[in-house]
Amino acid sequence: MSVNINRRTFLTGTAAAAASFALAACGGSNTSSSAAGSSAGSASEAGSSAQASYKLVTPGKLTIAAELGFAPFEYIDEGSTDPVGFDVDLIKAVAQKMGLEAEYLPNQAFDTLVPLIKQGGKADVAIAGITITDDRKEEVDFTDPYLDSNQGLIVKADSAETQESLNDASKKVACQAGTTGEEWIKENIPDCTVVPLADVTASLEGVTTGLYDAFVIDLPVASNMISQSFKDLKVALEIPTGEQYGIIVSKDNPELTKALNEALAAVKEDGTQDEIETKWFGSVISQ
Ligand code: GLN
């Protein structure tokens with residue numbers, strides 16, 4: 001019971017923060033809080049047939065699972081409890097198009113997201129910079145891609161380590177457990193000692209202190225973390241993996257995937273996604 005009360009308080013704060021962000025970032029655009037109601041209304045008209053056929057954990061809400069230590073896509077500012085970031089703004093805009101309220105579950109480890117969505121019952125979707133891969137597609141459905149990404153190899157700023165020099169059992173290369181970064185290390189630095197970890201910030205601290213020789217993570221996160229908080233680290237290698245992010249949905253809920261795809265197309269078409277990209281990346285980066 002207390003969990004429910006907390007979530008409600010949390011949502012009120014999030015909605016208010018989102019509205020003021022929208023106003024600050026987008027001026028007189030249609031994403032202001034007062035326009036939210038009318039746009040949700042028209043979206044639910046457009047999506048009413050789909051809405052009848054998809055399942056939701058909680059009616060009227062899109063319940064979202066994420067690993068919330070992946071800035072600038074999803075993270076929690078110090079002293080706050082509200083997730084913020086590119087994915088957070090995007091999924092809120094998508095939910096709004098569907099006439100739903102976006103509600104985040106507490107932080108989940110990245111490698112639990114696919115099993116959690118597959119199992120069902122806790123969250124309707126997961127969005128967390130999740131790369132669309134064939135292996136994951138066997139477990140869950142993905143929406144259409146919403147953003148392109150690559151990997152980055154991070155080392156200390158004064159380090160001379162390269163992909164070749166790291167390819168030795170004495171070298172510890174860390175990654176977030178269950179990520180495409182982990183896969184890349186296993187395939188491309190096969191002789192190193194791979195260290196899968198849960199938390200990106202703790203991993204970067206480990207590189208700073210010399211506990212790990214390198215860390216592989218999605219390039220936008222690598223660049224963001226280094227410029228914001230880890231100035232003693234650098235991206236030694238940009239790895240053009242050509243990944244694409246998608247939202248994951250249970251295979252038992254294909255109508256939800258369909259409705260999400262329609263809403264994603266709508267936020268792209270009406271310029272909302274461009275505004276969110278500009279807010280978080282300084283310019284429009286998707287095609
Ligand atoms: N894009 C990577 C993957 O899907 C990393 C995602 C993450 O750590 N949140 O594996």
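All heavy atoms count here, side chains included; hydrogens, waters and symmetry mates do not. Ligands are counted one by one from 1 in listed order, and the atoms in each one are counted from 1 as well.
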*Which of the numbered atoms in ligand 1 are below 4.0 angstrom from a heavy atom of Asp218?*
1 (N), 2 (C), 5 (C)
*Compute the shortest N/O to N/O distance between Thr131 and ligand 1 and return yes if it is under 3.5 Å, no if not.*
yes
_Suppose we measure from atom 9 (N) of ligand 1 to each protein heavy atom; which comes out shortest, and what is that distance?_
Ala128 O, 2.8 Å
*Could you tell me which non-hydrogen atom of Val284 sits nearest to which non-hydrogen atom of Thr278, and how far apart they are?*
CG2-OG1, 3.7 Å
*So which of Phe142, Phe73, Phe86 actually passes ring pair (Phe, Tyr, Trp, His ring centres under 6.0 Å) with Tyr245?*
Phe73
_Under 4.0 Å from a heavy atom of Phe110: which atoms of ligand 1 are those, numbered in the order shown and with their elements?_
3 (C), 4 (O), 6 (C), 7 (C), 8 (O), 9 (N), 10 (O)
*asked:* Could you tell me, atom by atom, which parts of ligand 1 come under 4.0 Å of a heavy atom of Thr179?
replied: 5 (C), 8 (O), 10 (O)
*Look at atom 6 (C) of ligand 1 and say which protein heavy atom is nearest, naming residue and atom and giving the distance to 0.1 Å.*
Gly129 O, 3.2 Å
*Run the salt bridge (charged side-chain N to carboxylate O under 4.0 Å, His left out) check on Lys172 and Asp213 step by step: do they pass?*
CA-CA 5 Å; Lys172 290 193 186 122; Asp213 298 290; over 6 Å; no
_Atoms in ligand 1 with a heavy atom of Tyr245 nearer than 4.0 Å_ = 1 (N)
*Indicate yes or no: does an N/O atom of Gln151 lie under 3.5 Å from an N/O atom of ligand 1?*
no
*Has the side chain of Glu277 got a donor or acceptor atom that lies under 3.5 Å from a matching backbone atom of Ile285?*
yes
*Hey, is NZ on Lys268 packed in by over 12 heavy atoms from elsewhere, all under 6.0 Å?*
yes
_For Phe110, is there any backbone N or O sitting under 3.5 Å from a side-chain donor or acceptor partner on Gln176?_
no
*same_hphob_cluster(Ile247, Phe70) at 4.5 Å side-chain heavy-atom cutoff*: yes
*Which of the atoms in ligand 1, numbered in the order shown and given with their element, are less than 4.0 Å from a heavy-atom of Ile130?*
4 (O)
*Which of these, Glu182, Gln176, Glu183, Arg136, has its nearest heavy atom closest to atom 8 (O) of ligand 1?*
Gln176
